[in-house]
Amino acid sequence: QVQLVESGGGLVQAGGSLRVSCAVSGRTFSNYGMVWFRQAPGKEREFVATISSRGVARIYADAVKGRFTISRDNAKNTVYLQMNSLKPEDTAVYYCAAAKGPGATRKDDEYVYWGQGTQVTVSS
């Protein structure tokens, strides 16, 4: 059984930093791409960042480029999202997901396993 468990969300002031993590169990983590999506209240889910299985390829949404960094530790079966210079518009539930294959892709239909989400709230 594949499980994805996010952690590290919380409340932070604008301009601050936060790191969220996603621990994966039940499959060979290093074989698959990973992604972070987010969903704000009343809005559709949106792509944030993705990383390929070996961490070579990374793609970011324009809204977070230069502020967020996606990384992974295959020895720990964990993917991270370091978020700096946070803005109130970054407030959302952040979800990680595991891909069907090794690549980095922003298409949500390529992701077969999803975590339960972690809330990130940025106050102004």
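- Applying the salt bridge (Lys or Arg N to Asp or Glu O under 4.0 Å) test to pairs two or more places apart or on separate chains, those with a residue in residues 36-56 are Arg38-Glu46, Arg38-Asp90, Arg45-Asp108.
- Separation of atoms OG (Ser85) and CZ (Arg67) is listed at 7.0 Å; rounding is to 0.5 Å.
- Here the OG1 atom belonging to Thr105 is positioned 10.0 Å from the NZ atom belonging to Lys100, to the nearest 0.5 angstrom.
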For residues 17-35, please give each side-chain donor-acceptor pair under 3.5 Å, one per line with the distance, not counting sequence neighbours.
{"unit_1": "Ser17", "atom_1": "OG", "unit_2": "Asn84", "atom_2": "OD1", "d": "2.9"}
{"unit_1": "Arg27", "atom_1": "NH1", "unit_2": "Ala99", "atom_2": "O", "d": "3.0"}
{"unit_1": "Arg27", "atom_1": "NH2", "unit_2": "Ala99", "atom_2": "O", "d": "3.4"}

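- Proximity of a side-chain donor or acceptor of Thr78 to a complementary backbone N or O of Lys76 within less than 3.5 Å is detected.
- A single hydrophobic cluster is not seen to contain both Ile51 and Val5; linkage of ILVMFWY side chains at heavy-atom distances under 4.5 Å, directly or through other members, places them apart.
- We find the NZ-CZ distance between Lys65 and Arg58 to be 14.0 Å, quoted to the nearest 0.5 Å.
- Ala49 approaches Leu81 most closely through the heavy-atom pair CB-CD1, 4.3 Å.
- The structure places OG of Ser53 at 7.5 Å from CG of Asn74, a figure rounded to the nearest 0.5 Å.
- Applying the ring-ring contact (aromatic ring centres under 6.0 Å, His included) rule to pairs touching residues 49-107 yields nothing, sequence neighbours excluded.
- Asp109 is linked by a salt bridge (charged side-chain N to carboxylate O under 4.0 Å, His left out) to nothing, counting only residues two or more places apart in sequence or in another chain.
- Distance check: Glu110 CD to Thr50 OG1 gives 10.0 Å after rounding to the nearest 0.5 Å.
- Applying the ring-ring contact (aromatic ring centres under 6.0 Å, His included) rule to pairs touching residues 98-118 yields Phe37-Trp114, sequence neighbours excluded.
- Follow the hydrophobic side-chain contacts under 4.5 Å out from Val12 and you reach Val48 in the same cluster.
- By the criterion of side-chain heavy atoms lying less than 4.5 angstrom apart, applied directly or through intervening Ile, Leu, Val, Met, Phe, Trp or Tyr residues, Leu4 is grouped together with Val112 in one hydrophobic cluster.
- In this structure, Arg72 contributes its side chain and Ser52 its backbone to a donor-acceptor pair below 3.5 Å.
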Side-chain donor-acceptor pairs of residues 117-124 under 3.5 Å, sequence neighbours excluded:
{"unit_1": "Thr118", "atom_1": "OG1", "unit_2": "Gly9", "atom_2": "N", "d": "3.2"}
{"unit_1": "Gln119", "atom_1": "NE2", "unit_2": "Ala92", "atom_2": "O", "d": "3.4"}
{"unit_1": "Gln119", "atom_1": "NE2", "unit_2": "Thr121", "atom_2": "OG1", "d": "3.3"}

